[in-house]
Visitor: 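Sharing a structure below in structure tokens format, with a few things to ask.
Heavy atoms only: backbone and side chains are in, while hydrogens, waters and symmetry mates are out. Counting starts at 1 for both ligands and their atoms, following the listed order.
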Amino acid sequence: MPRSFVREARKRVGPKKERIGPIIERLKAEHADAGIALRFRTDVELLVSVMLSAQTTDVNVNRVTERLFQKYRRPEDYLAVPQEELERDVYATGFFRQKAKAIRGTMAMLLEEYDGQVPRRIEELVRLPGVARKTANVVAAELGDPQGVVVDTHVRRLSQRLGLTRHDDPVKIERDLQRLVLREHWGIFPHLLIWHGRRVCIARAPRCPDCVLVDLCPSARV
Ligand code: SF4
């Protein structure tokens, strides 16, 4: 896209600090049902679901965990079976060897260091085997204490299209969003972008004429 066009578009919509409030309000009204799509009943189930969701869809994870969580209820249960059995039980989520290994390592650490409970702090969550910052952010937010902003493929694409960041690296994007979005919205904000990204601002063909952000978006095509 020519630079002059980008500059013009940014001028048309105004500074991001002034747009972020209305962007959040409109997305909240548009996607009142936005939230985590994974199904879980306990903190441990939440953690396992998020770990399994790497490189697959939430629908697929829910299909697998429906049975999994009947068999494995406590951290001890994941350690009571041979690794190969857990691998078979999570096979359909893909990368089943790494995932089974990470889950068992995480459950062992939960039992050894956290009395079988899922810790709340990001610094503690990222110490768990196979738990990267994105997983930790999702878990902390769902436990009611968001300490960062989740950046997945939808959040990255929409943040760029909406002119909220110029970066491509998720860590830098998260830093930009943390500066821009009020802390009280850190939990819901990624869900709003994810749902808007799935329903309207689709990767290959954004539906700009149907978008509630059209006058706030420098990438709008109408
Ligand atoms: S106006 Fe178009 S590019 Fe901008 S957020 Fe909406 S759908 Fe996406």
Visitor: Determine whether a donor-acceptor pair (N or O, by modelled atom type, separation under 3.5 Å) exists between the side chain of Arg207 and the backbone of Arg199.
Guide: yes

Visitor: Less than 2.8 Å away from atom 4 (Fe) of ligand 1, how many protein N/O/S atoms can be counted, ignoring water?
Guide: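 Counting protein N, O and S atoms closer than 2.8 Å to atom 4 (Fe) of ligand 1 gives 1.
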
Visitor: Relative to the ring of His196, is the ring of His31 parallel (under 30°), tilted (30 to 60°) or perpendicular (over 60°)?
Guide: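 It falls in the perpendicular class, over 60°.
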
Visitor: Could you give the distance from NZ (Lys172) to OG1 (Thr165), rounded to the nearest 0.5 Å?
Guide: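 Here the rounded value is 9.5 Å.
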
Visitor: Can you tell me if Asp33 has over 12 outside heavy atoms packed within less than 6.0 Å of its CG?
Guide: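 Enclosed: over 12 neighbouring heavy atoms sit under 6.0 Å from CG of Asp33.
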
Visitor: Is Asp169 paired with Arg175 through a side-chain N to carboxylate O contact shorter than 4.0 Å?
Guide: no

Visitor: CZ of Arg26: more than 12 outside heavy atoms within 6.0 angstrom?
Guide: yes

